[in-house]
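A quick write-up on the structure given underneath.
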Amino acid sequence: MRTTGAERGRTVGRERAVGELRGMLARLYRSFVAWGSLYGDLDLRYEQERSREEVVGLLDELPGQCLARSMWIDPATRKKIDRFMEKSRDLYSDFVADIIAKGYPRTRAAMAKRVSRELGPLRKEADAALELELAETRQPRWRKRVR
């Protein structure tokens, strides 16, 4: 069976949007991990600041990028991405407040644990939803109607 140009365009657009969203979510998560994983006993102030700035940049960029791609994804998937972003913003605020109050070396260990415990499952949930979006895109339309 042949697909029409419009169907092919929707499939390509959806695949591109899903791939870009997955990449952005992974970058944000990795940036949080890097920010909380730097060694406090070494003079890595530059690396700590660079990781923090990357988190800030992605937190600013991601909502607009998601909005621009939201037409390609299911509303349920969008909600999972929104939960991930909301938790990311909350963690960022908490970490900054803790660093100001206690200093980076004392806050660092708690950061790594909280990112893994609180943000990790939300990232996996959002990523799984995006993977499902891709699987649905790849499934032939005639199979969807038969079920």
Side-chain angles (χ1 to χ4, degrees), residues 3-141 144:
T3 60
T4 66
E7 286 178 13
R8 196 172 24 253
R10 280 193 299 269
T11 299
V12 170
R14 185 179 224 186
E15 287 176 350
R16 182 179 303 136
V18 167
E20 290 170 355
L21 287 170
R22 289 177 84 187
M24 285 184 274
L25 295 176
R27 279 182 44 217
L28 179 57
Y29 184 78
R30 282 192 307 264
S31 296
F32 264 109
V33 169
W35 187 26
S37 297
L38 298 173
Y39 297 102
D41 57 340
L42 298 176
D43 187 24
L44 296 174
R45 229 169 172 38
Y46 170 76
E47 289 298 319
Q48 181 230 341
E49 187 61 24
R50 189 182 62 75
S51 296
R52 186 197 65 77
E53 287 174 0
E54 187 171 7
V55 168
V56 170
L58 289 167
L59 286 174
D60 287 343
E61 177 185 344
L62 200 53
Q65 296 294 328
C66 285
L67 183 61
R69 289 159 179 80
S70 64
M71 68 177 271
W72 298 105
I73 59 174
D74 187 65
T77 301
R78 174 64 195 257
K79 285 182 181 181
K80 290 175 184 182
I81 293 169
D82 288 344
R83 279 197 306 266
F84 174 82
M85 290 188 311
E86 184 178 330
K87 177 51 84 173
S88 296
R89 284 189 295 273
D90 291 346
L91 285 175
Y92 176 78
S93 296
D94 290 351
F95 293 159
V96 168
D98 287 350
I99 289 169
I100 290 169
K102 301 174 190 174
Y104 177 74
R106 291 186 59 204
T107 304
R108 181 186 50 81
M111 287 171 65
K113 289 177 188 171
R114 283 189 67 191
V115 166
S116 294
R117 185 180 67 239
E118 297 177 31
L119 199 56
L122 293 175
R123 184 194 60 84
K124 288 177 185 174
E125 185 179 297
D127 193 56
L130 288 166
E131 179 62 31
L132 184 60
E133 296 267 345
L134 280 180
E136 289 174 359
T137 299
R138 292 179 187 136
Q139 188 178 35
R141 291 184 62 82
K144 290 181 184 178

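Note that these values count all heavy atoms, side chains included, but never hydrogens, waters or copies made by symmetry.
Using a 4.5 Å heavy-atom cutoff, the side chains of R52 and F95 are not in contact. Annotation: side chain of W72 is not in contact with side chain of V18 (no heavy-atom distance under 4.5 Å). W35 places a side-chain heavy atom less than 4.5 Å from the side chain of I99.
Every side chain to side chain donor-acceptor pair (under 3.5 Å) that R22 has, sequence neighbours left out, goes to D127, E131. A search for side-chain contact (heavy atoms from CB on, under 4.5 Å) contacts involving D74 returns A76, T77, E133, not counting sequence neighbours. Scored by the side chain to side chain donor-acceptor pair (under 3.5 Å) test, E86 finds no partners at all (sequence neighbours excluded). Legend: residues meeting side-chain contact (heavy atoms from CB on, under 4.5 Å) with R123, ordered by chain and number and at least two apart, are Y29, F84. Not a single side chain to side chain donor-acceptor pair (under 3.5 Å) links E61 to another residue, sequence neighbours left out. By the salt bridge (Lys or Arg N to Asp or Glu O under 4.0 Å) test, R83 pairs with E125, sequence neighbours left out. With sequence neighbours excluded, the residues satisfying side-chain contact (heavy atoms from CB on, under 4.5 Å) with S70 are L67, R78. With sequence neighbours excluded, the residues forming a side chain to side chain donor-acceptor pair (under 3.5 Å) with E118 are K87, R114, listed by chain and number. Remark: A112 engages no residue in a side-chain contact (heavy atoms from CB on, under 4.5 Å) (not counting sequence neighbours).
No donor-acceptor pair closer than 3.5 Å links the side chain of S31 to the backbone N or O of E54.
Summarising the geometry of S88 relative to L119, their closest heavy-atom pair is OG-CD1, 3.3 Å, with the distance given to 0.1 Å. I81 and C66 make their closest contact through CG2-SG, 3.5 Å (heavy atoms, listed as atom of the first residue, atom of the second, distance). Across S116 and P121, no two heavy atoms sit closer than the pair O-CD, 3.5 Å.
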Could you give me the CA-CA distance, side-chain angles and deciding distance for M85 and L59, then say whether side chain to side chain contact (heavy atoms under 4.5 Å, CB included) is met? CA-CA 7 Å; M85 290 188 311; L59 286 174; 5.8 Å; no

Just do the side chain to side chain contact (heavy atoms under 4.5 Å, CB included) check on K80 and L130 with the steps written out, would you? CA-CA 9 Å; K80 290 175 184 182; L130 288 166; over 6 Å; no

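Taken to the nearest 0.5 Å, the CD atom of Q65 stands 11.5 Å off from the CG atom of L25.
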